[in-house]
Asker: 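First, the structure itself, so that you have it in front of you.
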Amino acid sequence: MLDIKFVRENTDKVKVIDAIKKRGVDASILDELLRIESERRTLLGVVESLRQRRNELSEEIGRLRRIGENNPTLLENAKTVSDEITQKEQHLRELESKAIQELLFMPNIPHKSVPLGKDDTGNLEIRRWREIPQFSFVPKNHWEIGESLGILDFERAGKIAGARFVLYKGPGAKLERALVNFMLDLHTNEFGYTEVFPPIIVNKEAMTGTGQLPKFEDDLFKISNDERDFFLIPTAEVPVTNIHRDEILNEEDLPIYYTAYTPCFRREAGSYGKDTKGLIRQHQFNKVELVKFVKPEDSYNELESLTTNAEEVLKRLELPYRVVALCTGDLGFSSAKTYDIEVWFSAQGKYREVSSCSNFEDFQSRRADIRFKRKGQKGTEFVHTLNGSGLAIGRTFAAILENFQQENGSVIIPEVLQPYMGINKITKK
RNA sequence: GGAGAGGUGGCCGAGCUGGUCGAAGGCAGCCGCCUGCUAAGCGGUUGUGGGGGUAAAACUUCACCCAGGGUUCGAAUCCCUGCCUCUCCGCCA
């Protein structure tokens, strides 16, 4: 969420309008907000002076009452003022909630270093690591490899749950688990992240805090039993960022680094026909997530190191990848800047996203009310939040199958995973 | 699922027969004084958010005693709803 004061004060200077346009969003959403906001502020002034008047009258009534006197006229006046307040407050509440509603639908402002562009064709490649592997045969898709090795079963998963689900079996299940453990170990042992395991069902407030709600409800699995709405998390970003919702942290607590393994659930509404086969786009998938809470002045350095931490996973797994800076038109709703890390898929012959590392600046912390206090200074500031996948397990699994496949259909296990697997190769039985 | 108790400032804890309560008292913190140093002691001070105001302050005003409604001229205090915590019983991985 943007700061209403910031929006108000920067509209004329075109900054906000400009930012919205760069994202390809219609800037007219601002007009309505500003109209409501100016009405709100005018009314607020009126209500506050009425309240002041009421307080004065009430105080006088109380004072008289204590010395045993009554003043019917005073009481009459107070009642009139009070009625007027009640009426105006009603209207004020409506304006407030409208203003917030509008604000909740406004995207974050891209950082000045974000490249301009309409869509993903405008993204900027930052760096590549490692040559893409060459094969003396035609490399197979990961789902073909997985099915023929008997470690992936899409058909039976369909029977159990439906399309876009998968059943991992034997060494496949173990490889999935090995990846989770390897990544968590790396981030906790070498990069200073604290491991957490959060609830994977969350409430509406948590989803609003990180920006999934209200705008993206269609992407979520919703659970509504009684009065309450719950949601399955689409990413650990949601529960982990919300750990500190409504808190005021101390300066010396920062930065805070968390890593979490969780399953993730996505409706994938609107992606019919896209990646219908394989592990790329599932309704349920595993992911290890990295989340940071930092001081504003550090957040862009922290984004670089977070991205580097995620990249290290691929380096150790010996998987070729590239890092891409998302352009303004491809940037996520809540993000001010995002690097995607894309791993090489041999059969598809292209790089595909395994991690998305973002700096949200104070967009999420403002929604979730996560602040900190500087030593010796009064008042509070919003922290900056960041997160990135470190990494998506299913897609990493798929990349391993495609890049380490052998002509005879077996798959070599990357060396760092071998201790976790107890084997160095998955072969057909 | 059934029965009860409760949610107050950074923490502990009064207030809860409605008015002088942003809220006693204690602790912690900060600033002075005192002291050979430390401790103790003494005095003062310390919340958050919004509006107005200022170059910035000062200043001023409104709101906030779990959350949201209500009663009332006036609510931390009374009523309703929700959420959360604790105790007991039942059930359960």
Asker: With a 3.5 Å cut-off and just heavy-atom distances, do the side chain of R65(A) and the base of G19(B) make a donor-acceptor pair?
Answerer: yes
Asker: Write down the distance between NZ (K204(A)) and C1' (A67(B)), rounded to a whole number of angstrom.
Answerer: 13 Å
Asker: Any N or O donor-acceptor pair linking the side chain of E48(A) to the base of G52(B) at under 3.5 Å?
Answerer: no
Asker: Using whole Å, report how far CD of E251(A) lies from C1' of G10(B).
Answerer: 17 Å
Asker: Regarding N55(A), tell me which of base, sugar-phosphate or nothing describes its non-hydrogen contacts under 4.0 Å with the strands shown.
Answerer: sugar-phosphate
Asker: Find which nucleotide of RNA chain B each of A78(A) and K5(A) is nearest to by heavy atoms, and output the residue with the more 5' nucleotide.
Answerer: K5(A)
Asker: Both L57(A) and E381(A) contact RNA chain B. Taking the nearest nucleotide for each, which residue is further toward the 5' end?
Answerer: E381(A)
Asker: U48(B), OP1 or OP2 - any side-chain N/O from K373(A) closer than 4.0 Å?
Answerer: yes
Asker: Would you measure the distance from the P atom in C59(B) across to the matching atom in C73(B) and give it in whole Å?
Answerer: 36 Å
Asker: Does E190(A) CD have over 12 foreign heavy atoms under 6.0 Å away?
Answerer: yes
Asker: I'd like to check E237(A) versus S334(A) (side-chain heavy atoms, cut-off strictly below 4.5 Å). Are they in contact?
Answerer: no
Asker: Distance from T276(A) atom OG1 to R281(A) atom CZ, nearest 0.5 Å?
Answerer: 10.5 Å
Asker: Taking a pair as Watson-Crick or G-U wobble with both distances under 3.5 Å, which nucleotide is matched to A55(B)?
Answerer: none
Asker: Indicate yes or no: does R245(A) engage E205(A) in a salt bridge with an N to O separation below 4.0 Å.
Answerer: no
Asker: Students often get this wrong, so: under 4.0 angstrom with heavy atoms, is R54(A) touching a base, only sugar-phosphate, or nothing?
Answerer: sugar-phosphate
Asker: Would you mind reading off the distance between E84(A) atom CD and C73(B) atom C1', rounded to a whole angstrom?
Answerer: 15 Å
Asker: For C21(B), which nucleotide is its Watson-Crick or G-U wobble mate, given both distances must be under 3.5 Å?
Answerer: none
Asker: Starting at CD of Q87(A) and ending at P of C73(B), how long is that distance when rounded to a whole Å?
Answerer: 16 Å
Asker: Under a 3.5 Å cut-off for both distances, is G4(B) Watson-Crick or wobble paired, and to whom?
Answerer: C86(B)
Asker: Any strand counts, and the cut-off is 3.5 Å on both contacts for Watson-Crick or G-U wobble. Which nucleotide pairs with U46(B)?
Answerer: A28(B)
Asker: Hey, does T380(A) reach any base, or is it just sugar-phosphate, or nothing, if we go heavy atoms under 4.0 Å?
Answerer: sugar-phosphate
Asker: What is the pairing partner of G41(B), taking Watson-Crick or G-U wobble pairs with both distances under 3.5 Å in any strand?
Answerer: C33(B)
Asker: Going by salt bridge (Lys or Arg N to Asp or Glu O under 4.0 Å), K295(A) matches just one of E251(A), E302(A), E361(A), E252(A). Which one?
Answerer: E251(A)
Asker: Using the C1' atom as the point on both nucleotides, what is the distance between U45(B) and U85(B), in whole Å?
Answerer: 34 Å
Asker: Using the P atom as the point on both nucleotides, what is the distance between A58(B) and G50(B), in whole Å?
Answerer: 15 Å
Asker: When the C1' atoms of C83(B) and U20(B) are compared, how many Å lie between them, rounded to an integer?
Answerer: 34 Å
Asker: Looking for any heavy atom pair under 4.0 Å, which part of the strands does L75(A) touch: base, sugar-phosphate only, or nothing?
Answerer: base
Asker: Any salt bridge between K5(A) and E9(A), counting N to O under 4.0 Å?
Answerer: no
Asker: Tell me which nucleotide, if any, is Watson-Crick or G-U wobble paired with A76(B) when both distances must be under 3.5 Å.
Answerer: none
Asker: Determine the Euclidean distance between corresponding C1' atoms of G52(B) and G43(B); express it in Å to zero decimal places.
Answerer: 35 Å
Asker: Considering just the side-chain nitrogens and oxygens of R63(A), establish if one lies under 4.0 Å of OP1 or OP2 belonging to C73(B).
Answerer: no
Asker: A quick test of your reading: do over 12 heavy atoms of other residues, nucleotides or ligands sit less than 6.0 Å from CD of E76(A)?
Answerer: no
Asker: Nearest whole Å is fine: how far is G51(B) C1' from K88(A) NZ?
Answerer: 17 Å
Asker: For atom P, what is the distance between G7(B) and C11(B), given to the nearest Å?
Answerer: 15 Å
Asker: Need the pair for C91(B). Rule: Watson-Crick or G-U wobble, both distances under 3.5 Å, any strand; none if unpaired.
Answerer: none
Asker: Under 4.0 Å: is that the gap between some side-chain N or O of R51(A) and OP1 or OP2 of G74(B)?
Answerer: no
Asker: Whether the E176(A) and N286(A) side chains hold a donor-acceptor pair (N or O, under 3.5 Å, no angle test) is what I'd like checked.
Answerer: yes
Asker: With a 3.5 angstrom cut-off on both distances, give the Watson-Crick or G-U wobble partner of U71(B), or none if there isn't one.
Answerer: none
Asker: Can you tell me the distance, in whole Å, between the CZ atom of R53(A) and the P atom of C62(B)?
Answerer: 13 Å
Asker: To the side chain of S58(A), which of G70(B), G19(B), G50(B) is closest?
Answerer: G19(B)
Asker: Nearest to the side chain of K79(A) - G51(B), C73(B), U20(B)?
Answerer: C73(B)
Asker: From CG of N77(A) over to C1' of G74(B), roughly how many Å is that when rounded to an integer?
Answerer: 15 Å
Asker: Which one, C73(B), G49(B), U61(B), comes nearest to the side chain of Q52(A)?
Answerer: U61(B)
Asker: With rounding to whole Å, what would you report as the distance between G68(B) and A76(B) at their P atoms?
Answerer: 13 Å
Asker: Would you say G50(B) has OP1 or OP2 under 4.0 Å from some side-chain N or O of R40(A)?
Answerer: no
Asker: Atom CG of L50(A) to atom P of G74(B): distance rounded to whole Å?
Answerer: 13 Å
Asker: Distance between the C1' atoms of A57(B) and U17(B), in whole angstroms?
Answerer: 46 Å
